[in-house]
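This report refers to the structure that appears directly beneath it.
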Amino acid sequence: MQIGELTAKDFASDQDLRWCPGCGDFAILKQVQTVLAKLGHSQEDTVFISGIGCSSRFPYYMNTYGMHSIHGRAAAIASGLRLTREDLNIWIVTGDGDSMSIGGNHLIHLLRRDLNVNLLLFNNEIYGLTKGQYSPTSKKDLITKSSPYGNQERAFDTLALCFGAGASFIARSIDREAKHLQEILIQTNEHEGSSFLEIYQNCHIFNDGTFQNYSDRSLQKINALFLEDGKPLVFGEHQELAIKLDGLNPKVVLKDEYSLEDLWIHDSSDRVKASILINEVDTQENFPKLFGVVYKKEKLNTRSNSPNKLSENYLLDLLKGSNSWLVK
Amino acid sequence: MQIGELTAKDFASDQDLRWCPGCGDFAILKQVQTVLAKLGHSQEDTVFISGIGCSSRFPYYMNTYGMHSIHGRAAAIASGLRLTREDLNIWIVTGDGDSMSIGGNHLIHLLRRDLNVNLLLFNNEIYGLTKGQYSPTSKKDLITKSSPYGNQERAFDTLALCFGAGASFIARSIDREAKHLQEILIQTNEHEGSSFLEIYQNCHIFNDGTFQNYSDRSLQKINALFLEDGKPLVFGEHQELAIKLDGLNPKVVLKDEYSLEDLWIHDSSDRVKASILINEVDTQENFPKLFGVVYKKEKLNTRSNSPNKLSENYLLDLLKGSNSWLVK
Amino acid sequence: MIAEVKDSISIKFAGDSGDGMQLTGTQFTDNTALYGNDFATFPNYPAEIRAPQGTIHGVSGFQIHFGSFEINTPGDEFDVLVAMNAAALKDSLKSLKKTGLLIVDIAGFDKKNLRLAAFDPEEDLLEESRFSDYHFIKIDISSLSKEALKEIDLDPKQKDRSKNMFVLGLLLWMYGRNLQSVEDFIETKFRKNPLLKEANLKVLRTGFYYGETAELQSYKKEIKAAKLEPGTYRNIMGNKATALGVMTAAFKANLNLFYASYPITPASDILHELAKHAKAGVQSFQAEDEIAAVCAAIGASFGGALGATGTSGPGMALKSEAINLALMLELPLLVIDVQRAGPSTGMPTKTEQSDLLFAMYGRNGESPIPIIAAHSPGNCFEAVYWACKIAIEHMTPVIFLSDGYLANGSEPWKVKDLKDLPEIQPVYLSAEDTQEEAFLPYKRNADLVRSWVQPGTKNKQHRIGGLEKELVSGNVSYSPENHQKMTDIRAEKVALIAKKLPEQTIMAGAKSGKVLVIGWGNTTGAIKSAVLELLKEAKEVAHAQINFIHPFPENLANILNSFDKILVPELNNGQLIKLLKVAFPNNKFYALNKIQGIPFKKSEIKDAILNLLG
Amino acid sequence: MIAEVKDSISIKFAGDSGDGMQLTGTQFTDNTALYGNDFATFPNYPAEIRAPQGTIHGVSGFQIHFGSFEINTPGDEFDVLVAMNAAALKDSLKSLKKTGLLIVDIAGFDKKNLRLAAFDPEEDLLEESRFSDYHFIKIDISSLSKEALKEIDLDPKQKDRSKNMFVLGLLLWMYGRNLQSVEDFIETKFRKNPLLKEANLKVLRTGFYYGETAELQSYKKEIKAAKLEPGTYRNIMGNKATALGVMTAAFKANLNLFYASYPITPASDILHELAKHAKAGVQSFQAEDEIAAVCAAIGASFGGALGATGTSGPGMALKSEAINLALMLELPLLVIDVQRAGPSTGMPTKTEQSDLLFAMYGRNGESPIPIIAAHSPGNCFEAVYWACKIAIEHMTPVIFLSDGYLANGSEPWKVKDLKDLPEIQPVYLSAEDTQEEAFLPYKRNADLVRSWVQPGTKNKQHRIGGLEKELVSGNVSYSPENHQKMTDIRAEKVALIAKKLPEQTIMAGAKSGKVLVIGWGNTTGAIKSAVLELLKEAKEVAHAQINFIHPFPENLANILNSFDKILVPELNNGQLIKLLKVAFPNNKFYALNKIQGIPFKKSEIKDAILNLLG
Ligand SMILES: Cc1ncc(C[n+]2csc(CCOP(=O)(O)OP(=O)(O)O)c2C)c(N)n1
Ligand SMILES: Cc1ncc(C[n+]2csc(CCOP(=O)(O)OP(=O)(O)O)c2C)c(N)n1
Ligand code: SF4
Ligand code: SF4
Ligand SMILES: [Mg+2]
Ligand SMILES: [Mg+2]
């Protein structure tokens, strides 16, 4: 397949889109289709596997191979496919309920095994399909159908959970930032190993505006920290703020008061830095949220998979065993 | 119950111990019984809940209430008990297969919810009860019944996984260090919230000596780092080595070349330090393994549980509803 | 002009999922309830939150059948169809009675709507002559609503959304109702938004008065209040009745209630309802998955609460292993399965009765568990109450079967008097057992039930688990003879429950005759109406609907033996009938099966009975 | 002195779990196999890795029955009992035939051992007079073994551990064998430890020569080689045969094999066996749990490999939801359930046949799945081969039932010639379908099977899932009529498989008569021996053992109709019999049930047959 031969449209299936008007899923779909076309992937070598949820309807809309499986199990299904088919480009599409609640175990084990797949977590901090219950990523005190007095549970720090599980690629983007999302999708796809990409996705119906701080252009400036390798960690209304280390502790400072070298320069391959970014900056209210590729490590030498077929002789020997006898 | 009234023996049930001779589980059992007696807990207010595995036979040997449940689900069962019974002292006993393989999801959700229970993970890096398959904590290349050519999977960094899931108390000890184990058990019990204690436990039959580096007194000196709050991170044959930060990066140095202030002083309440200890020091081969209380945070305001009973009037009103009518 | 008096009317409100038909339906239902009619409802909507607008796929419908005598089903066909757009018309017209009343909103039949509903956009679909069979009323509801709101400062979209109030107003007028209940509802719902409140009230009244203005008096009908047994009544949906039943059981047993669940259609509303009562003493817990939910409930039961969990098919699959643990532990556990159309994810918003054999046999090993099925929305209350009673008094998991149709359907329900409910007595340690030196956790009473001794009880420490237990002591045992005995005891313990159950009754017809129709679950209405009609025609037919499926009530054998043939209609491929055939090999059973995600029609049952009568 | 010639001998080796009885048993078995006897074995050991030494609970036993004619069971009772300690004696003596031979190791009867086995430690348990019914040989095996090793530099514990070789040597001598196979085994096993090699060889030979020295010649027996059908034979255990059967099926179908599993007794050995062939083209995957295992297998099948997964009862519970997905996806999937005694964790090392109805009905919704059960260790090969064939050729999950007794039992097995196995032809897209413009993933062939089109195939992109599918197109559909059709098709598709199955055969007896005994699974041996004995007594009885349970073979009805009464022995509370009663309501079935974690005895079956014969 030549780059540029296919267009985003070629990756769209003939099925009617069945998300609510205003749902963030539309925008993500579009960017994924665009990126696949841009990168010159072929439709038949691409597979999308999902669980259950609004987000998990995704495969129906892709003119690729796809499976809309059962709730929480997409990662496990994709693992079997990955281990037996080295040739395919495999994507997992999942929701915060699908992958962080019922499917949490498969998620962490996928990351542990570091199989080469791209996992897109559409995080809308709610159960969309079942009409609005809180999820393990819902904000504290959120009022939902199952938390009429406000959600009493602590949310997962999504990136921290994946980092702890050993993820080799951790990134975040948001439905409303088409260009950023495209860029990060490309990097997600390029990484060899399990690539974890969290996409903040607005559920217009049951959790509208939960990411307004990051989707609204003016709020975004102060609340979102867009990371780029080799660049300092700056944000703010006029990009006037930066993050810097005070000993071990990250601190928000005025950018202009420091020279570039004194600021924290992003290096997605630095494990210690990633650990502080993910566990401290991203989890504390006084810091902005991270966007971009937060952490990336080279593929480890994990389980090798070289499927091939049994030879007849091997099988015959095995059937006979080492202690056979002949009856005449 | 008065402290000192009961002895370790009072916490022993009348059941025959059914572990293999030489199994590390015996030693752990003894320390737990000792600690409970020491702390003056009553037998009837103490509950042990386990899954399935050699380690999970633990409750049978305790003269307390107990449940030997199903594989991987102890944390979930304990959650239900915790939420309905504020008065009990609840312990979960589990194995590396039980809690990190099949039960991984319940483990991370328990830690996320931070319910007040003590979880003891007997990590022997193997499936004991099913006679020796590798587990998600087994070392790379370990030859087991299910990995005749050596384990090809990356192991979980156990502490990192729990930290990522949001654990509020993370500690490690080892079967062979009676005193240390006792001390840490006491702290585990004292912490309010989900206390995660990993205990390295030797499986004499299927994975003998996997922790020799930490159980053998002379090897231990160079391979184990015993943490104590307020004390520097020292280890080595003659306690001559220390860990120090070089910028953000931990480094092994000669203790005597630095003043105490320059060394890394352990502070289990420091989240950033914990993050580096857990994600860098504990996971890299060039550092010793951590023992002791690595991280501890004060209990968050997580879900409140105030079980009480329905009042008759409330129920009557509810049954009638707001739109009832009378038929005469 | 005096309205014609009719026995009953069936209406179907159909529109796009965004058109608010469910709200129209439930408000009309509440009003009907207060008016004193008997009724049955059937909401039916797409799986998507907002299905594609204007398409057949996006049609959301609500059917209500109300009358002055006993109403058993929403009606096979309806007398009135309100179609808000072309797709709704296409979807529902086939079930409008000939000479029925068809009301359409003209605005829903523009070219775009015609195209989306796969009509020819160029044709004049609403041409009178096409509907000459029916009474036909075309109204431009959308523009009338907008017109009514021209003074109000809302955007056109918001205005358009109030058009369902027009429909509601008009229909209430048609059946001689007043607006009180709806106005109260609007007042509360839009308390915080005066503009929307005003708009909704206005359009509601516009619809109400439109009938007068447009001279639709000839369509007015009067349906007198039904003669129900005296008492306080309310309108209740199955899931709500289930939640209330569980709460009531916990109250009567003097237990804390702990309900752990993971959301799933159509069971989620039970969780939602119970969560509302958090401050009143109900603990609900949204677990990370169905396995955790049932396990947490088991933990709660171990601690002495009534542990309950609820789900639907795929979730039942996940709970199976832990239910089996509860069986071994011999702890109370309520498991609610609100069935939906399977297999696998199937058709999540559609109904089916196909989890019965799964409930019966869906566990490894010989693992008998009592099964109780509700047979109407209101009956969910009593049925689940009994399920809790059995779980608690017999120290066993119990599976309670409801289904999507019962869960979301509603009917008038006579509010239960707590005194009229049977007592629930947990099996605590007897005084004499308390005295005994050695505590024997698996010692049993005459019903073969062990005692419920909770952590915290002094000197009764014990350990339970999923391994086979020794008779009486409860210690782990691998003895062959012991395993045989324990297996027998577990079976016998469930069988003995039959002695405690209320007798199976006949719902309609005589105690003996040619054909008995036996149903379970949501088939009640269709069967009963069919049988009542045939009884009027002097046919020898009767109807029994069973709540208790495992074990069967003791007198069921006698009932069966009093009929020549037994018809078993089920929304599955024949599940209850398999159990009946094995339990009663000498009776003649005939299956009637349907698997379409929708309930039986009265006519389908009637035909089958007539067929058997020969 | 010439040894007495006997038809068959049954030996039980019993000792502490640390005594190496399983090894002794398997080595004796291999030697027996090479010698040419027919045989059947039954290993039976505690659940603990190292159960409490010296106690009844810790006894590990291995029974072998070998002979010069067809051997069907390990024998109800045994001719020879080797008891290594007091607990072993206590556990097993009751099944030693009167006048049988009892061999004890004196060292295992010291005070400590007596106490642990709950004998009076003061009494002289081994006093000759107590065993006057038997032939009784006391040997101080432990000290003889140690004596033999006094020159070898091993610690006493290691020396003690070789005593099982003494037993093995002695018994081999007793039945006129040579030591070759065991010596070869020791050479390989201790290749890396010359000291242990020498020690084991030495003790083996000491045992072998002890018979001579101690003048035990009178106990020597000769059992001539059995007359088996010509061919190459090997000794095979059920789990191994299962693993080989799956590999062979993948080979014949020209598919990659992907086996995903989570360890569980007694299924783990299948994983262990397949893992050994990683370098030869078998992929095995130890998943994080049973759900992940079955899901990974589904993923592999989606990609075009033969996806397989194996487990036991509790794991089956966890797989249920995903098996149902595979059913909807209509992809090949092999699910192996090696049954064990339930419910819940039950008795994990003991056998039972109590998952049949679970396999049949253990899923939400109407979800028919083919079920095939193996009926002997060697038959696991063919049965699982057929399971794979059906899964592949009919695009469906198939449940293969084995059990703990078959899994660990062994018998001589005639090595299959690949050419004699039926072909397996995956349903790939036909040439004409490939040409078609629009690809229709749920288009079916005459067997109602859709084609297997794998990712990577150009222009055939499609999406599948667990929601109900539209006929032919496979698009999501909520249409009532479509759901009815699809439900019917899924049922019909499985029913049609019956046409492809081999005919049900009669294993023993005539084609018609008074009593037919129908069995499935591990009951084969007990039933067959019972029936053969009764046939000798000229009783009108026959035996059929069924492999194919769902659907039943087409000719089963005819077979059943040829007998007056049908006896159905099962190690459960009556599961197959329920299916038979529903499928064949006009036949007379009689249940014989046993749930003790152990197989039937021949005598139990015989009694039941005699009872029916009247
Ligand atoms: C086993 C099982 N349990 C529960 C459900 C019901 N269910 C479907 S989707 C969903 C959660 C959806 O939330 P999320 O994964 O965040 O996806 P979203 O709809 O928000 O995109 C649930 C609980 C199911 N289909 N299967
Ligand atoms: C659902 C289920 N799957 C599998 C098993 C078999 N099984 C029992 S214990 C165990 C793993 C034991 O390993 P671990 O948890 O590490 O405990 P250990 O025996 O090492 O203490 C397994 C796989 C089971 N009992 N239940
Ligand atoms: S419910 Fe929310 S997540 Fe689902 S389609 Fe609608 S807007 Fe999107
Ligand atoms: S197998 Fe290992 S973990 Fe299990 S009891 Fe034996 S030594 Fe302990
Ligand atoms: Mg979501
Ligand atoms: Mg372990």
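In what follows, chains carry the letters A, B, and so on, assigned in the order in which the sequence lines appear, proteins first and then strands, with residues in each chain numbered from 1.
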Would you give the length of the straight line joining atom CG of A:L83 to atom CZ of D:F285, rounded to the nearest 0.5 angstrom? 5.5 Å
Contact winner vs chain A - D:V294, D:T457, D:L244, heavy-atom pairs under 4.5 Å: D:T457
Note: vs chain A, highest number of non-hydrogen pairs under 4.5 angstrom among D:I298, D:V282, D:V415 is D:V415
Residue among D:G466, D:G465, D:A260, D:A33 with most heavy-atom pairs under 4.5 Å to chain A: D:A33
For chain A, which residues from residues 228-236 of chain D lie under 4.5 Å away (heavy-atom distances)? D:L228, D:E229, D:P230, D:G231, D:T232, D:Y233, D:R234, D:N235
Evaluation steps, side-chain contact (heavy atoms from CB on, under 4.5 Å), between D:V453 and A:Y65: CA-CA 10 Å; D:V453 177; A:Y65 284 87; 3.7 Å; yes
Here the pair of heavy atoms bringing D:L325 nearest to A:S69 is CD2-CB, 3.8 Å
Do A:E44 and D:N459 pair up side chain to side chain, a donor and an acceptor below 3.5 Å, judged on atom types alone? no
Residues D:I291 and A:H106: closest non-hydrogen pair is CG2-NE2, 4.0 Å
Quick check on the interface: out of D:A293, D:A250, D:G303, D:S181, who has the most heavy-atom pairs with chain A under 4.5 Å? D:G303
Picking from A:R113, A:R112, A:R73, what satisfies salt bridge (Lys or Arg N to Asp or Glu O under 4.0 Å) with D:E288? A:R113
Please report the closest heavy-atom contact between A:T84 and D:A305, naming both atoms and the distance. CG2-CB, 4.2 Å
Go through it in stages, so that I can follow the logic: the residues are D:V476 and A:Y60, the test is side-chain contact (heavy atoms from CB on, under 4.5 Å), and I'd like the CA-CA distance, side-chain angles, deciding distance and then a yes or no. CA-CA 9 Å; D:V476 173; A:Y60 288 126; 3.5 Å; yes
Is it true that atom NZ of A:K30 has more than 12 heavy atoms of other residues, nucleotides or ligands lying nearer than 6.0 Å? no
Check for a donor-acceptor pair, side chain of D:R463 on one end and backbone N or O of A:F58 on the other, with a separation under 3.5 Å. no
With only heavy atoms counted, which part of D:K276 is less than 4.5 Å from chain A, the side chain, the backbone, both or neither? backbone
Distance-minimising heavy-atom pair for D:C295 and A:A76: CB-CB, 3.6 Å
For the atom pair CD (A:Q43) and NZ (D:K458), what is the distance rounded to the nearest 0.5 Å? 7.0 Å
Looking only at heavy atoms, the pair that brings D:P455 and A:R85 closest together is O-NH2, 2.8 Å
Kindly compute the distance separating OG1 (A:T64) from CD (D:Q461), expressed to the nearest 0.5 Å. 7.5 Å
Looking only at D:H462, D:K227, D:K240, most heavy-atom pairs under 4.5 Å shared with chain A are made by D:H462
Which residues in residues 311-328 of chain A have any heavy atom closer than 4.5 Å to a heavy atom of chain D? A:S311, A:E312, A:Y314, A:L315, A:L316, A:L318, A:L319, A:K320, A:G321, A:N323, A:S324, A:W325, A:L326, A:V327, A:K328
Heavy-atom pairs under 4.5 Å with chain A - which of D:K416, D:H277, D:M247 has more of them than the others? D:H277
What do the steps show when you test D:F251 against A:K309 for side-chain contact (heavy atoms from CB on, under 4.5 Å), and what is the final call? CA-CA 7 Å; D:F251 175 80; A:K309 296 207 171 82; over 6 Å; no
Is it the backbone or the side chain of D:N475 that comes under 4.5 Å from a heavy atom of chain A, or both, or neither? side chain
Under 4.5 Å from a heavy atom of chain A, the part of D:D184 involved: neither
D:Y35 versus chain A, heavy atoms under 4.5 Å apart: side chain, backbone, both or neither? neither
